[in-house]
Amino acid sequence: MGGANQQERLPTHEEQKRWFLAGLFEGEGSLCVSIKEHPTAKFGYLIDPEVFLYQHESRRQLLELAREVFGTGRIFRKTGNYPVLVYAIHSRKSISERVVPFLEKYVMPFSARKKDIALFIEIVRAFERKEHHTQEGILRILDLAYQMNPEGKGKRRKNTHEQVVGRILRDCTPDTRESEDTVRPA
């Protein structure tokens, strides 16, 4: 192709939406890993990656755009702040299949959130590898989660890293004492 016929490729309308959403997400989005005590969870906690995007109700169309691009998620009012709407994706599968590839392609190298995004992606990948099924794996995921947004402006975690790890180790360390009903060989 000759130089006279070459044109700079302009992004399609769909690409423009995605780049716009990446910028919106940089300013108004949140990646988090929730850590909730749960009595029936194998290690005493449910740990889940989650994605949120916030907007005033007058800008609902921006959240609708996110739902259109990702093809999943729901929009609801933020508790305690009625005019604010939240777009949320809680499904680990949707995050893995739709959000992570989006983040890998559209997050700018100079993003202020680059480190947190990399940690979030590693956490999602660890879940894909089923690391959360082992004590070592769940502790690694916790370490990564507590590294995210250490000086962030959002809510602080209810429990410290040490408290959560201590409970996992305490509740999941096998009891090596013999029970009184154990029959010992003569």
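No side-chain donor-acceptor contact under 3.5 Å links Arg170 to the backbone of Val165. At least one donor-acceptor pair closer than 3.5 Å links the side chain of Thr134 to the backbone N or O of Glu131. At distances below 3.5 Å, at least one donor-acceptor pair connects side-chain atoms of Lys42 with backbone N or O atoms of His133.
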Please tabulate, one pair per line, all N/O donor-acceptor pairs under 3.5 Å involving side-chain atoms of residues 115-126, not counting sequence neighbours.
unit_1, atom_1, unit_2, atom_2, d
Asp116, OD1, Asn149, N, 2.8
Asp116, OD2, Asn149, N, 3.4
Glu122, OE2, Arg129, NH2, 2.7
Glu122, OE2, Arg140, NH2, 2.4
Arg125, NH1, Glu128, OE1, 3.4
Arg125, NH1, Glu128, OE2, 3.1
Arg125, NH2, Glu104, OE1, 3.3
Arg125, NH2, Glu104, OE2, 3.0

Contacts table for residues 78-87: side-chain donor-acceptor under 3.5 angstrom, sequence neighbours left out:
unit_1, atom_1, unit_2, atom_2, d
Tyr82, OH, Arg77, NE, 3.3
Tyr87, OH, Thr72, O, 2.5

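Relative ring orientation between His132 and Phe127 is described as tilted, the plane-to-plane angle lying within the 30° to 60° band.
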(request) Decide yes or no on side chain to side chain contact (heavy atoms under 4.5 Å, CB included) for Glu26 and Arg113, but give the supporting numbers first. (result) CA-CA 7 Å; Glu26 178 76 18; Arg113 296 178 164 192; 4.0 Å; yes
(message) Assess the residue pair Cys32 and Met148 against the criterion (side chain to side chain contact (heavy atoms under 4.5 Å, CB included)); give the C-alpha distance rounded to whole Å, side-chain angles, the decisive distance to 0.1 Å, and a yes or no.
(response) CA-CA 8 Å; Cys32 74; Met148 288 180 65; 5.7 Å; no
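Note that OH of Tyr106 is 16.0 Å distant from OG of Ser111, once rounded to the nearest 0.5 Å. Distance CG/Leu62 to CG/Leu21: 9.0 Å, rounded to 0.5 Å. Taking CZ of Arg92 as the start and CD1 of Ile47 as the end, the distance is 9.0 Å to the nearest 0.5 Å. Atom CZ of Phe52 sits about 10.0 Å away from atom CD1 of Ile89, to the nearest 0.5 Å.
Put simply, the side chain of Asn159 does not reach to within 4.5 Å of the side chain of Ile35, judged on heavy atoms. Counting only heavy atoms from C-beta outward, the side chains of Tyr146 and Thr160 never approach each other to under 4.5 Å.
A salt bridge is defined here as a Lys NZ or Arg NE, NH1 or NH2 lying under 4.0 Å from an Asp or Glu carboxylate O, and Glu162 with Arg167 fails to meet this definition. Using a 4.0 Å cut-off between charged nitrogen and carboxylate oxygen, Glu64 and Arg67 count as a salt-bridge pair.
Taken together through direct or relayed side-chain contacts under 4.5 Å among Ile, Leu, Val, Met, Phe, Trp and Tyr, Leu144 and Phe43 form part of one hydrophobic cluster. Neither Tyr54 nor Phe20 shares a network with the other; the hydrophobic side chains, linked directly or stepwise wherever heavy atoms of I, L, V, M, F, W or Y lie under 4.5 Å apart, form separate groups for each.
Under a 4.5 Å side-chain heavy-atom criterion applied to ILVMFWY residues, the cluster that includes Leu46 comprises that residue alone.
By the 6.0 Å contact criterion, CD on Glu136 is open, its count of non-hydrogen atoms from other residues, nucleotides or ligands being 12 or less.
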